[in-house]
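So the structure is just underneath, and the comments pick up after that.
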Amino acid sequence: MKDALRAAFATTLADLRARQDEWTPRCLGMARNHVARGGPVVLIAFGKAARSMATSALAVLPAHRVRGLLVTPAPDDAPLPPLQTIAAGHPLPDGGSFAAARAALALCHSVRPTEHVVFLVSGGGSALLELPYDDRIDVASWRAFYRALVGCGAGIERVNAIRRRVSAVKGGRLALAAAAAAGQTTVLVRDVPGNWGDIASGPTWLADEGDASDDADPDDASPWLDDAALARELDVLGLRAALPPQLADDLAAGALPPRPHVPDRLHSKCAWLTLLSEEHARAFAARAMTAAGYVVDAEADADDLPVDAAADALLQRLTALRAAHPGRKVAVVTTGELSVALPPSPGIGGRNQQFALACACRIAGQPVAVLSAGTDGIDGAAPAAGAVVDGTTCARASAAGLDVAESMRRCDAHPLLAALGDAVTTGPTGTNVRDLRILAAAPEA
């Protein structure tokens, strides 16, 4: 079964990339019409899918009419003329991230009324294109803040709401900087559900100013955090101690920049188009498993659940599906991201490998296999997309002298899974629509 799951994941990645390459040019109708009328284009691409999206866009936009910027995960700094290329850090921002944000802002401020701006935005952009609201905050202190923020166990909507509030580029600030343009098109590869302003923390997101959060429930994501709501979130999530001194002082003094004002005329000049999302990954994977002879349930949802809770819920779903279809191979297909509260000194791994090990403990000795992997080809700090385990994983680990419980406690799943041959390694895929999980079971004996 493990081979069937690996094959389904590979097929899903190929289908995602094919759709992305085909549909990126199709989403550029406004820009292509602008070029046809003799107008130039400013193209700014950032995120894990930035290079592939930009390559597809440049195939239909004449290079002599384009200027712009490509921001990719380090170490990918290969040239892509006519764009300037900057490699930046992920999952934590680095000096490249700051340089990329400054370059993007400078480009946007330089836009002329004769130009159309194209933003190609994909997941990972929150770290790759980042700059604090205040230039006095350095890279090291911002990285430390990010490390605490992404490791606090909060859902991505809450994390991004905080990032939007304290960034110089997020929360619509790039779109506002390019307000002089004749028009703007944002093309999105979605790596989060719900509000599209959460993709890369919404650098071109122009929400209504009535979407404030003064009375927001701290357990819900808020489009925009005022100072009081931001302070509550930082306290609830235990992040006060991780704040850079300048941010802590400005928050206490009520000196953070106010919410940017969005002119009504800007909305009329902007378009936002989604070309790929996790729904596509789920549908492609379900199709691949059906073709392999499995009865598929693709309706399960474990998004944002802690790893252990997700393992229990999805395996219970698989058991029920198996009972409902005796004598048949069955599979549960789902997408989304799980939450993992990191220990003080985590090892090498990610949420997918942590989930896979949690499942391995629960399926020991059973004819069940579980794959969990990131569609971007990356899982945390590990050189793997995720892992595929089965009922033999724990026994094989024990025979090799490897401690599954200790690996889970330290969030150090990758060395164990790699040693067993259970890691799934693809390298960067050029797309990013969240994580894919496939749980499969053989027929009852």
Side-chain angles (χ1 to χ4, degrees), residues 46 71 88-106 124-177 197-205 207 209 211-261 341-342 344:
F46 52 95
V71 184
H90 185 276
L92 303 178
D94 61 7
S97 308
F98 281 31
R102 290 190 177 102
L105 284 170
S126 290
L128 294 169
L129 191 83
E130 174 62 308
L131 190 66
Y133 70 95
D134 192 309
D135 277 340
R136 291 172 291 182
I137 300 175
D138 62 23
V139 173
S141 60
W142 206 243
R143 279 175 64 87
F145 172 52
Y146 254 66
R147 184 177 289 108
L149 180 59
V150 300
C152 72
I156 191 63
E157 294 88 353
R158 297 176 73 183
V159 169
N160 284 348
I162 293 173
R163 290 196 278 210
R164 275 196 297 271
R165 183 65 180 88
V166 296
S167 172
V169 292
K170 306 184 194 319
R173 292 177 175 92
L174 272 192
L176 287 167
D198 277 319
I199 304 166
S201 303
T204 68
W205 174 63
E209 293 184 33
D211 293 339
S213 57
D214 188 48
D215 298 317
D217 182 339
D219 290 330
D220 291 334
S222 302
W224 185 264
L225 299 175
D226 62 20
D227 287 0
L230 174 61
R232 286 197 299 270
E233 280 287 76
L234 294 172
D235 288 337
V236 168
L237 299 175
L239 295 172
R240 284 280 188 165
L243 296 182
Q246 185 68 47
L247 174 53
D249 291 346
D250 288 344
L251 180 60
L256 289 175
R259 181 175 189 170
H261 171 67
L342 297 177

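- Salt bridge absent: Asp226 and Arg259 never bring a charged side-chain N and a carboxylate O closer than 4.0 Å.
- Partner Leu234 forms a side-chain contact (heavy atoms from CB on, under 4.5 Å) with one of Leu149, Leu251, Leu247 and no other, that one being Leu251.
- The CG atom of Asn160 sits 10.5 Å away from atom CH2 of Trp205, with the distance rounded to the nearest 0.5 Å.
- Residues Asp249 and Arg136 are not paired through a salt bridge, judged by the lack of any N-O separation under 4.0 Å between the basic side chain and the carboxylate.
- Here the CZ-CG distance, from Phe46 to Leu174, works out to 5.5 Å after rounding to the nearest 0.5 Å.
- Counting only heavy atoms from C-beta outward, the side chains of Tyr146 and Val159 never approach each other to under 4.5 Å.
- A salt bridge is absent between Arg163 and Glu130: the closest approach of a Lys/Arg side-chain nitrogen to an acidic carboxylate oxygen does not fall below 4.0 angstrom.
- Using a 4.0 Å cut-off between charged side-chain N and carboxylate O, Arg164 and Asp198 make a salt bridge.
- Counting all heavy atoms, side chain and backbone alike, Lys170 lies closest to Leu129 at NZ-O, 3.1 Å.
- With a 4.5 Å cut-off on side-chain heavy atoms, Arg232 and Leu237 do not count as touching.
- Taken from OG in Ser167 to CD1 in Ile162, the straight-line distance is 13.0 Å, to the nearest 0.5 Å.
- Salt-bridge check for Asp94 with Arg143: failed, with every basic side-chain N at 4.0 Å or more from each acidic carboxylate O.
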